[in-house]
Amino acid sequence: MTRTPTHCPYCALQCGQWIDRAGAVDAREFPTSRGGMCQKGWTSGRLLRHPERLTTPLVHGEPVSWDAALGYVADRLRAIRTEHGPDAVAVFGAGGLTNEKAYLLGKFARVALGTSQIDYNGRFCMSSAAAAGNRAFGIDRGLPFPVTDLAAADVVLLAGANPAETMPPLMGHLGEAALIVVDPRVSATAERAIATGGLHLQPVPGTDLVLALGMLHAAVVEGYVDTAYVAQRTTGFEEAWRIAAQWWPERAERVCGVAAADMRAAVALLARARNRYVLTGRGAEQHAHGVDTVTAWINVALVLGLPGRPGSGFGTITGQGNGQGGREHGQKADQLPGYRHITDPAARTHVASVWGVDPDALPGPGRSATELLNALGRPDGPRALLVFGSNVLVSAPDAGAVAERLAALDLLVVADVVPGETVRAADVVLPVAQWAEEEGTMTNLEGRVLRRRRALPPPPGVRTDLEIVAGLAEHLGVPGFPAHPAAVFEELRAASAGGPADYSGITYERLDAGEALHWPCPAEDHPGTPRLFLDRFAHPDGRARFVPVDHVAAAELPCPDYPLRATTGRVLTHYQSGAQTRRIAELVAVVPEAFVEVHPDTAARSGLADGDWARVASRRGSVRARVRCVPSLRTDTVFLPFHFGDDQAANRVTNPALDPVSRMPEFKVSAVRIEPERTAG
Ligand SMILES: Nc1nc2c(c(=O)[nH]1)N[C@H]1C(S)=C(S)[C@@H](COP(=O)(O)OP(=O)(O)OC[C@H]3O[C@@H](n4cnc5c(=O)[nH]c(N)nc54)[C@H](O)[C@@H]3O)O[C@H]1N2
Ligand SMILES: Nc1nc2c(c(=O)[nH]1)N[C@H]1C(S)=C(S)[C@@H](COP(=O)(O)OP(=O)(O)OC[C@H]3O[C@@H](n4cnc5c(=O)[nH]c(N)nc54)[C@H](O)[C@@H]3O)O[C@H]1N2
Ligand code: SF4
Ligand SMILES: [Mo]
């Protein structure tokens with residue numbers, strides 16, 4: 001049977017896939033995945049003809065025609081806008097959407113709806129790393145080098161990343177490298193570090209910044225500073241050092257709980273190796289001071305001279321399938337395509353000319369994701385919300401409050417493939433095509449643009465996201481919204497031209513011919529940019545910035561009523577809100593329900609034993625989860641996966657405290673207590 005080459009729908013590694021016309025999935029040779037996939041990729045095809053697949057538009061639960069559904073939505077949006085103004089309509093996008101969709105959604109919001117109120121779930125994911133990267137390097141590309149470069153690494157420090165579960169094929173690239181894993185838990189990745197003679201540093205959740213300051217101190221005091229690099233390629237070392245000088249390892253140890261000797265050992269391991277990398281994940285980033293925390297890790301990398309040096313580097317492991325491209329083309333509240341800033345007059349003029357509108361007609365910046373959700377249905381907030389590709393009732397912080405806000409809307413429209421929690425709360429449900437049924441492009445974790453290809457048609461009655469957006473624009477009477485991905489990509493190329501994320505030299509033809517094109521790629525004869533920073537950083541003076549950062553405690557600290565720190569994260573077999581993977585029997589069989597990792601002593605003190613149902617409660621709400629006693633966990637910390645819904649949703653307890661720069665919520669620290677669950681499981 002003919003097979004189509006495409007990529008896994010889930011994470012940013014975008015493993016190579018073959019899909020045949022019956023929807024059967026096979027692994028395909030591709031540099032990032034080297035012929036491998038994880039269990040999620042192997043089982044992804046099960047969702048294509050799943051019995052719960054959405055196939056008909058629904059208005060208040062009633063099946064209707066597309067014309068009726070889109071007509072109804074357009075009429076309601078028009079009425080809401082007339083009564084309350086354009087900002088009464090909001091759009092919520094996602095880093096799983098193709099570049100074409102992210103671009104068209106941003107244009108749809110600004111041009112067809114005239115609203116400033118658009119943001120996306122990448123605010124929960126990459127925003128702190130992005131802001132720190134922009135600040136230090138002048139540009140935000142998660143990995144400024146191809147994943148395959150990691151194969152030559154001697155030492156890799158992973159701060160709050162657990163790729164053994166979140167990107168299993170990536171582990172293959174780490175080959176012989178000694179790993180330094182920073183994680184409050186002995187994660188699967190930490191186990192590998194321990195087994196292969198590396199180091200596991202086990203900080204109190206939310207204290208990475210101090211750990212990094214202690215390591216910077218050790219690097220300076222023990223003479224590991226790459227002075228020539230710092231002098232020639234950076235600015236700001238003195239200011240950063242003024243703060244780090246106060247965080248000698250023994251003092252840092254008192255805050256972060258990592259032994260000073262381990263900090264020194266980690267620095268020595270990194271400093272003495274030839275090829276070395278510092279990489280961050282969500283564990284270091286999803287904090288109310290995540291931007292400064294990533295900055296602190298960048299400062300460690302800069303002092304050792306890693307960024308922009310062949311064979312070494314600093315990077316952030318992007319999460320969602322199009323987490324990189326999704327943050328470049330304008331579905332972000334403050335952004336226009338090509339990673340342009342919406343307040344920049346030159347950017348507005350350029351993009352408005354591509355869109356054929358007056359620059360003054362473009363709205364300004366809107367609210368960030370958490371602030372947008374919190375404003376819904378309030379007197380000055382949006383009254384209608386269109387959601388594409390996010391299950392906010394499970395994945396946004398303080399999920400109980402989000403449910404109240406969604407209920408306060410006049411209109412909730414959700415485009416999705418399956419009836420997840422947010423779909424079930426919607427007034428209008430629009431069934432969309434899945435990855436194997438559509439064309440487009442995705443930008444993977446290394447900034448490489450990939451083709452997503454259609455292997456089989458969607459079920460009858462199902463439309464693509466692009467067709468829905470274009471259809472809504474048509475019903476609103478606004479011209480200029482193509483539904484065909486190739487046509488949308490042509491517009492995106494023009495809109496991104498000259499911006500930091502310049503795609504203007506990338507074409508479907510070049511991608512289909514197999515060219516490996518990493519942005520920026522400003523001309524059709526430009527080879528793309530697999531490695532950034534080799535000669536210069538993206539700031540006007542070509543230098544990287546040390547930014548001075550200091551310790552700030554987590555927004556919520558343990559207290560007598562809530563004596564433990566809860567952190568959250570992922571397991572191998574579930575993806576994000578679980579809307580997709582909780583519908584695949586083989587994956588559910590591995591992890592069927594929410595669990596909470598607890599140290600056995602902590603469990604015993606709370607009257608709990610392994611396998612019991614527990615209730616984990618914070619000031620905001622509580623979650624039901626099965627106890628897993630884990631002797632290697634810190635006694636002051638519990639861990640919950642966030643993949644489950646309803647009363648098993650970890651986000652019922654999480655804190656919506658936001659980073660002041662990135663507006664990233666603090667998913668990784670909330671104060672909780674744990675007690676036996678009284679109601680039956
Ligand atoms: N299986 C699976 N894979 C995925 C996803 C998925 O849902 N499931 N999602 C994809 C997406 S969108 C993303 S963003 C990535 C995320 O990939 P990762 O960043 O690897 O995932 P997390 O599990 O959120 O966090 C990583 C680790 O951070 C640790 N951690 C918690 N608090 C702290 C802290 O304060 N400091 C430090 N240093 N570590 C801490 C957790 O214990 C956890 O082991 O995964 C991608 N891949
Ligand atoms: N407590 C806690 N919460 C977290 C995190 C954490 O570590 N801890 N991590 C955060 C992070 S990093 C992320 S990325 C978010 C992710 O969380 P969400 O934003 O909820 O992401 P998904 O579960 O991937 O939601 C995708 C939804 O879109 C649907 N979908 C899939 N493909 C398409 C498509 O092409 N078009 C449309 N219209 N729909 C589609 C899926 O069926 C699903 O319902 O969660 C965040 N929430
Ligand atoms: S989920 Fe990520 S690691 Fe797993 S197969 Fe898909 S792209 Fe690869
Ligand atoms: Mo993410």
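Counting starts at 1 for both ligands and their atoms, following the listed order.
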*Proximal ligand 2 atoms for Cys125, defined as those under 4.0 Å from one of its heavy atoms*: 12 (S), 14 (S)

_Numbering as shown, the atoms of ligand 1 that approach Val182 to under 4.0 Å (heavy-atom distance)_ = 37 (C), 38 (N), 39 (N)

_Residue Ala415 vicinity, atoms of ligand 2 by number, heavy atom under 4.0 Å_ = 37 (C), 38 (N), 39 (N)

*Who gets closest to atom 21 (O) of ligand 1 by heavy atom: Leu279, Thr568, Thr166, Thr637?*
Thr166

*Numbering the atoms of ligand 2 from 1, which are under 4.0 Å from a heavy atom of Val418?*
42 (O)

_Atoms of ligand 1, numbered as shown, that sit under 4.0 Å from any heavy atom of His287_ = 34 (C), 35 (O)

_Salt-bridge criterion met for Glu556 and Arg565 (N-O under 4.0 Å)_ = no

_So, 4.0 Å and heavy atoms of Thr318: is ligand 1 close enough to count as a contact?_
no

*Mind checking whether Phe388 and Phe92 have ring centres under 6.0 Å apart?*
no

*Given Arg282, Gln320, Arg570, Met126, which one has a non-hydrogen atom that is nearest to atom 12 (S) of ligand 2?*
Arg570

*Tell me, which protein residue and heavy-atom name are nearest atom 36 (N) of ligand 2, and how many Å apart are they?*
Asp465 OD2, 2.8 Å

*Hey, which atoms in ligand 2 end up nearer than 4.0 Å to a heavy atom of Asn391?*
18 (P), 19 (O), 20 (O), 25 (O)

*Which atoms from ligand 1 have a heavy atom of Pro205 less than 4.0 Å away?*
35 (O)

*Within the side chain of Thr6, is there an N or O that forms a donor-acceptor pair under 3.5 Å with the backbone of Arg453?*
yes

*Residue and atom name of the nearest protein heavy atom (relative to atom 22 (P) of ligand 2), distance in Å to one decimal*: Gln576 CB, 3.5 Å

*Is it true that a side-chain atom of His7 and a backbone atom of Leu450 form a donor plus acceptor pair closer than 3.5 Å?*
no

*Tell me: protein heavy atom nearest atom 33 (C) of ligand 1, and distance?*
Gly283 O, 3.4 Å

*Is it the side chain (CB and beyond), the backbone, both or neither of Val669 that lies under 4.0 Å from ligand 1, heavy atoms counted?*
neither

_Salt-bridge present (Glu100, Arg452; N to O < 4.0 Å)_ = no

*Run the contact test for Val394 against ligand 2 with a 4.0 Å cut-off on heavy atoms, strictly below, and give the result.*
no

